[in-house]
Amino acid sequence: MKETQQPDREVLLDMYRRVNLIYQNDERLRSAIRSGKIATTYYSPRGQEVIPAAVSVNLTDEDYICTIYRGVHDMLAKGAPVKEIWAEIGGRATGTCKGKGGPMHITHPATGVMVTTGIVGSSLPIANGLAWASQLRDDKRVTVAYFGDGASNIGAVHEAMNMAAVKKFPVVFVCQNNGYGEHTHYSLSTSARQISDRAAGYQMPGVTVDGNDPVAMYVAAKEAIDRARNGDGPTLIEAKTFRFMGHVLGDADGYMDKEEKKQAMANDPVPRFRQWMLDQGHAQEEQLAEMEAAITAEIDEALAFTLSSPMPDVAELKRDVFAEELN
Amino acid sequence: MKETQQPDREVLLDMYRRVNLIYQNDERLRSAIRSGKIATTYYSPRGQEVIPAAVSVNLTDEDYICTIYRGVHDMLAKGAPVKEIWAEIGGRATGTCKGKGGPMHITHPATGVMVTTGIVGSSLPIANGLAWASQLRDDKRVTVAYFGDGASNIGAVHEAMNMAAVKKFPVVFVCQNNGYGEHTHYSLSTSARQISDRAAGYQMPGVTVDGNDPVAMYVAAKEAIDRARNGDGPTLIEAKTFRFMGHVLGDADGYMDKEEKKQAMANDPVPRFRQWMLDQGHAQEEQLAEMEAAITAEIDEALAFTLSSPMPDVAELKRDVFAEELN
Amino acid sequence: MSAKVNFIQAINMALDDAMAEDDGVLVLGEDVADPQEGGIAGVTKGLSSKYGELRVMSTPIAEQAIMGAAIGAAITGFRPVAEIMLMNFTTVAMDMIINHAAKLRFMSGGQTSVPLTIRTMTGAGFGNGGQHCDYLEAWFAHTAGLKVVTPSSPADAYALMRACIADEDPCLFIENLPSYWVQGDAPERGTVAELGKAKVLREGSDVSLISYGRTISDCLVVAEQLAEEGIQAEIVDLRTIAPYDKATVAASVEKTGRCVIVHEAVTPFGVGAEIAAYLQDELFGSLHAPVKRVGSVFSPVPFSKPLETAFLPSHDDVISAVKSTFK
Amino acid sequence: MSAKVNFIQAINMALDDAMAEDDGVLVLGEDVADPQEGGIAGVTKGLSSKYGELRVMSTPIAEQAIMGAAIGAAITGFRPVAEIMLMNFTTVAMDMIINHAAKLRFMSGGQTSVPLTIRTMTGAGFGNGGQHCDYLEAWFAHTAGLKVVTPSSPADAYALMRACIADEDPCLFIENLPSYWVQGDAPERGTVAELGKAKVLREGSDVSLISYGRTISDCLVVAEQLAEEGIQAEIVDLRTIAPYDKATVAASVEKTGRCVIVHEAVTPFGVGAEIAAYLQDELFGSLHAPVKRVGSVFSPVPFSKPLETAFLPSHDDVISAVKSTFK
Ligand SMILES: Cc1ncc(C[n+]2csc(CCOP(=O)(O)OP(=O)(O)O)c2C)c(N)n1
Ligand SMILES: Cc1ncc(C[n+]2csc(CCOP(=O)(O)OP(=O)(O)O)c2C)c(N)n1
Ligand SMILES: [Mg+2]
Ligand SMILES: [Mg+2]
């Protein structure tokens with residue numbers, strides 16, 4: 001493996017901003033849901049913030065991602081607009097998808113958020129198609145497909161990895177291994193010692209990395225993205241992390257190992273990253289506080305925007321089913 | 001890998017008998033089809049005879065197999081009756097499946113031929129269920145799932161291997177790697193250096209073996225079958241071989257590498273095994289000739305039986321759709 | 001019988017009683033065992049603690065492997081109840097269901113049967129959007145070899161589930177997620193319904209409302225409203241969608257001369273089409289009005305609440321369909 | 001226009017012309033490129049040599065990956081034509097087709113469209129048995145967001161294929177394997193049909209035969225036989241099954257007062273159910289007889305020739321259905 005440059009200060013600040021945005025967004029969204037302001041099922045990415053932040057600082061708006069129901073962190077990191085994301089989750093006409101898709105299907109092509117799927121494993125085959133398009137256009141775009149550890153056991157994932165390897169698609173497969181698929185622990189569903197071990201079966205580089213370590217995650221992501229951009233084909237990254245809020249908001253976590261969870265939460269990547277930035281002198285307290293306050297304001301605005309936005313008109317049921325409106 | 005005993009003379013003779021049965025069966029079936037005596041699409045296993053023979057001498061009638069459209073060698077090796085197989089291929093009421101399934105769906109539970117599928121990859125998930133049943137009954141049966149190299153790239157195969165590994169099902173996955181899936185060469189469809197490399201992703205033993213070498217194939221099969229029978233879980237065997245007759249009978253082979261094919265056919269495993277048996281003193285010429293003559297007679301009988309058997313009654317369309325006959 | 005239970009409890013009782021009575025009854029699916037909390041809604045809670053995790057098996061997220069394991073075990077004589085969590089996820093297991101479960105009996109000429117029950121839940125109303133709420137029963141009903149069953153009350157859920165488990169053929173048992181917690185009379189333990197039999201839930205002379213599952217409760221409400229206007233509606237609960245009870249359906253409509261079919265699946269090419277096609281043929285010349293169909297709007301299931309509400313058939317939709325038959 | 005071509009040639013021309021006109025048109029599937037002989041029947045022969053193997057891409061055997069690649073490329077503006085070799089193999093790709101291709105436009109609020117054509121072939125008559133001949137068009141027609149198209153002549157195959165490729169929505173294009181080699185008038189190059197438009201292939205005053213695909217040729221034969229008995233049948237070729245041309249269908253049946261719907265799919269819950277349900281409503285009171293349906297026998301497709309023949313709708317079946325409308 002070649003030596004990848006560590007992220008410089010600017011990049012670290014950018015990463016931290018994305019991490020904090022995801023973090024605050026999640027806290028606020030959960031409280032908006034708990035207080036009844038917004039009604040939705042919610043799959044919190046709390047604890048997994050660093051992964052897409054480290055990936056996305058290596059991507060441009062032109063690059064594509066495909067993500068999943070637990071994907072609001074991936075979208076935010078990619079730069080999709082907070083307001084429209086909130087409005088979509090709130091089912092408003094002003095949402096990214098006019099309220100028709102909802103949180104599991106947020107789409108925002110302008111920032112490269114091409115597909116969000118609620119079907120386990122289905123982000124990967126479609127990501128291949130985006131990557132094939134880039135080969136055809138020779139546009140040097142990279143596509144990232146996010147998926148979970150549980151998803152690694154479903155057929156579509158395997159088919160997609162093999163095809164990508166055979167076709168040398170410019171795609172990066174990022175498995176966010178948070179230790180659980182719904183209520184099932186990794187050890188009970190996944191036969192791989194580590195998921196990256198499966199890459200060898202596709203002659204694809206595979207790496208397991210601490211997804212909560214910003215520098216390690218950055219390095220792994222950068223290498224994979226560079227490889228894809230240079231036409232050297234796909235990579236499988238297994239980013240180890242933890243799911244702080246259980247599978248779905250309201251989940252009682254009875255099936256989780258208490259000790260495992262306690263330890264993971266004590267090791268919360270968000271304050272850890274913040275402290276490290278300060279300790280390393282990459283940022284000053286005031287600077288971060290200011291950044292965080294701006295994010296808070298952005299989220300305030302998103303919430304207000306959502307609550308003041310209209311619900312979609314029922315005529316929307318006839319639109320976008322086909323290109324031509326139904327009558 | 002522990003030292004597995006080499007097959008003794010009796011076993012070698014038994015293997016050779018199965019190989020020769022498959023070989024003669026194929027030659028005769030092709031000529032019956034070519035001459036119009038039997039009308040069917042036919043996926044010849046010519047060149048792959050040794051694999052199921054070496055597997056099946058390690059199995060009993062109680063053990064199960066699931067095989068595929070190119071599977072007549074697997075069934076014959078397992079001991080399914082030649083007459084009923086022919087009659088099924090001939091669409092006769094006396095066939096294993098009363099002519100309703102045809103060559104792609106031959107089933108014969110009495111000899112453990114539980115499922116034959118025409119869907120690429122679908123033999124494996126069902127094999128798992130047979131193996132689960134054996135765990136439940138604690139009956140020490142072993143299930144073998146046969147599939148092709150092309151099939152190794154489809155989702156069902158991956159799902160089944162992972163589940164088998166997690167559940168330690170007593171199953172053996174035998175991939176008959178004949179270098180092609182329909183018209184596509186291995187190198188253009190399969191990213192694995194060798195298919196057995198994929199086993200590591202399931203923490204499953206995986207081995208690549210010359211499937212045309214009777215002793216090597218026997219050893220690999222015996223180890224895997226013993227492992228399954230002892231409750232130590234699944235194994236992936238990649239048995240390298242070659243498909244002499246193309247994908248389907250009548251296939252012009254234009255897509256095949258002429259040199260590769262020529263070499264493979266020059267190395268025909270059937271006469272090679274025969275010669276080796278003689279050279280090693282495992283058998284006398286007369287003994288083999290006698291065995292072969294008996295097989296010829298058996299096939300003569302199967303052909304005659306088929307041609308003299310009635311076609312199924314159209315009332316059969318209402319039967320076996322459900323347990324209760326439709327009206 | 002004044003005790004009340006909801007659908008979850010009733011189905012749980014049915015599984016429990018069937019497992020207690022017959023060692024061959026198995027349960028498998030994602031999170032179904034107790035360490036995983038007996039599924040996301042707890043339908044299988046308590047079973048693994050009672051019957052062990054070999055008979056009540058939590059699986060990886062791999063619907064093809066789930067169905068394959070169920071089919072394989074069923075062939076050997078077990079009676080698995082496989083959960084495909086949501087009906088939309090049957091789309092990743094259709095090969096196993098359609099090409100294998102439904103056809104193995106026929107293709108094997110009656111040698112192998114598949115006494116399998118597939119439990120799946122679905123239904124709009126909870127804001128789960130486009131990929132989690134589809135009603136696909138018409139697909140399965142169009143497949144020879146499958147039975148399709150859905151209950152409209154907890155007591156019926158019990159008796160119909162018992163019937164599916166007892167049946168020698170693969171049955172798809174559809175549960176409605178939004179009405180899981182609706183209470184009804186407790187079932188009489190041990191009752192096994194007869195498949196293929198509809199039930200007249202309300203007698204009436206003027207119009208027949210034919211429905212199944214959750215929309216039965218809508219029909220019951222609508223019938224009372226209609227009664228106030230002097231229209232006596234008869235309600236026929238199909239219970240078994242395939243094969244449906246032609247005699248009961250025809251008898252009701254022959255009596256009333258008018259018919260409205262109500263379901264949550266989208267109208268075009270839905271179950272209502274089959275019933276209407278059957279009735280116009282069977283009762284030609286004796287109908288007072290065309291057979292009317294009320295289903296969901298022909299669009300993907302929308303997320304936003306007002307759209308979701310407008311998508312589903314409303315009481316008003318049913319009432320105006322009924323009234324149109326009096327014009 | 002006296003030149004004759006078969007379906008294979010016509011579809012090949014359509015693909016060729018579309019690819020020549022528009023760089024965005026792509027072809028992918030198993031064996032579709034020339035080194036793999038342009039597919040098992042050669043439908044795509046010559047295309048990769050002309051347009052390159054990046055635009056005409058042979059794939060691994062992995063239908064989910066095929067559909068995913070097509071969907072992803074379509075989202076970015078390409079117009080892929082993806083081959084799922086046989087219709088039964090759509091069962092392994094249903095998630096991609098139903099949950100993604102059909103719904104992404106709607107779920108994204110119109111931001112992403114999927115101008116994709118899925119080519120698939122099927123049809124009993126060649127002894128391919130239970131897993132290779134199913135007609136599943138009713139499933140796809142029941143799905144909002146998909147169009148379903150099938151031609152009955154080579155010229156129409158050309159024009160309809162061009163229409164599917166030009167369409168902004170996902171279209172399923174169904175080809176009939178047993179009639180691939182049937183000749184018809186050569187298409188006028190460049191003709192693009194209008195989707196959703198049926199065609200009256202024969203005018204008649206006494207009964208409407210509504211059909212599509214291969215059974216159109218049966219209807220044409222039957223109509224001549226009926227004419228000898230003084231019954232003038234009008235033949236309506238749907239061409240687009242979903243959305244079907246209600247106006248043309250209704251106008252024909254309004255004129256004749258009698259209708260028989262003919263298709264090769266099994267009758268229950270088939271396309272005929274929808275058409276019959278529509279007509280009895282639209283033309284209530286003006287029909288001289290109930291709308292009749294003629295489809296295949298409700299069983300899996302049998303292998304043995306006499307069963308396969310009895311399974312398919314026969315000319316006699318159509319004639320007796322017609323005659324029954326005169327009783
Ligand atoms: C094909 C399919 N099967 C089952 C589900 C139900 N389901 C939703 S999320 C989930 C767990 C996925 O686990 P993982 O891939 O680890 O992702 P995570 O939720 O941990 O981020 C399951 C089983 C689904 N959405 N799709
Ligand atoms: C799901 C599915 N896709 C495609 C096919 C068509 N098909 C039949 S055989 C075959 C090739 C399979 O190759 P391999 O697995 O190597 O087996 P072999 O024929 O070489 O024994 C294909 C693509 C199929 N039967 N099922
Ligand atoms: Mg997870
Ligand atoms: Mg092969």
Side-chain angles (χ1 to χ4, degrees), chain A residues 119-126 128 131 147-169 171 173 175 177 180-181 184-208 232-236 238, chain B residues 119-126 128 131 147-169 171 173 175 177 180-181 184-208 232-236 238:
Chain A
I119 307 296
V120 159
S122 295
S123 53
L124 289 84
I126 301 178
N128 274 348
F147 63 110
D149 50 299
S152 75
N153 300 316
I154 205 163
V157 167
H158 166 76
E159 292 190 11
M161 292 212 265
N162 180 63
M163 186 186 277
V166 167
K167 302 295 177 187
K168 280 196 174 256
F169 286 144
V171 63
F173 300 117
C175 178
N177 181 350
Y180 287 86
T184 300
H185 191 264
Y186 178 91
S187 61
L188 298 174
S189 66
T190 312
S191 55
R193 193 177 53 94
Q194 52 183 13
I195 289 170
S196 64
D197 284 357
R198 291 186 175 159
Y202 312 105
Q203 290 189 81
M204 186 193 293
V207 57
T208 295
D232 296 329
T235 304
L236 170 60
E238 176 189 19
Chain B
I119 308 295
V120 160
S122 294
S123 53
L124 289 84
I126 301 178
N128 275 346
F147 62 110
D149 50 300
S152 75
N153 300 314
I154 204 163
V157 167
H158 166 76
E159 293 190 10
M161 291 211 266
N162 180 63
M163 185 184 278
V166 167
K167 303 295 177 185
K168 280 196 174 259
F169 285 144
V171 63
F173 300 118
C175 179
N177 182 351
Y180 287 85
T184 300
H185 190 263
Y186 177 91
S187 60
L188 299 173
S189 67
T190 312
S191 56
R193 192 178 52 94
Q194 52 184 15
I195 289 170
S196 63
D197 285 357
R198 291 186 176 159
Y202 312 105
Q203 292 190 82
M204 187 194 292
V207 57
T208 295
D232 297 329
T235 303
L236 171 59
E238 176 188 19

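Keep in mind the model is a prediction, meaning the values are calculated, not measured.
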- Message: Between B:Asp197, B:Val157, B:Val166, who has the most heavy-atom pairs with chain A when the cutoff is under 4.5 Å?
- Response: B:Val166
- Among B:Asn153, B:Leu188, B:Ile195, who wins on heavy-atom pairs under 4.5 Å with chain A? B:Asn153
- Query: When only pairs under 4.5 Å are counted, which of A:Ser196, A:Ala199, A:Ser189 shares the most heavy-atom pairs with chain B?
  - Reply: A:Ser189
- Query: Measuring heavy-atom distances to chain B, does A:Ser187 have an atom under 4.5 Å in its side chain, in its backbone, in both, or in neither?
  - Reply: neither
- Query: What's the shortest heavy-atom distance between B:Ile154 and A:Glu159, and which atoms?
  - Reply: CG1-OE2, 3.2 Å
- Message: Would B:Arg198 and A:Asn162 count as a side-chain contact (heavy atoms from CB on, under 4.5 Å) here? Give the steps.
- Response: CA-CA 11 Å; B:Arg198 291 186 176 159; A:Asn162 180 63; 2.9 Å; yes
- Task: Of all the heavy-atom pairs spanning B:Gln203 and A:Arg193, show the shortest one and how long it is.
- Result: NE2-N, 3.1 Å
- Proximal component of B:Ser152, with respect to chain A [non-hydrogen, under 4.5 Å]: backbone
- Note on the structure: Heaviest contributor of heavy-atom pairs below 4.5 Å to chain B, chosen from A:Gly206, A:Gly155, A:Ser191, A:Gly201, is A:Ser191
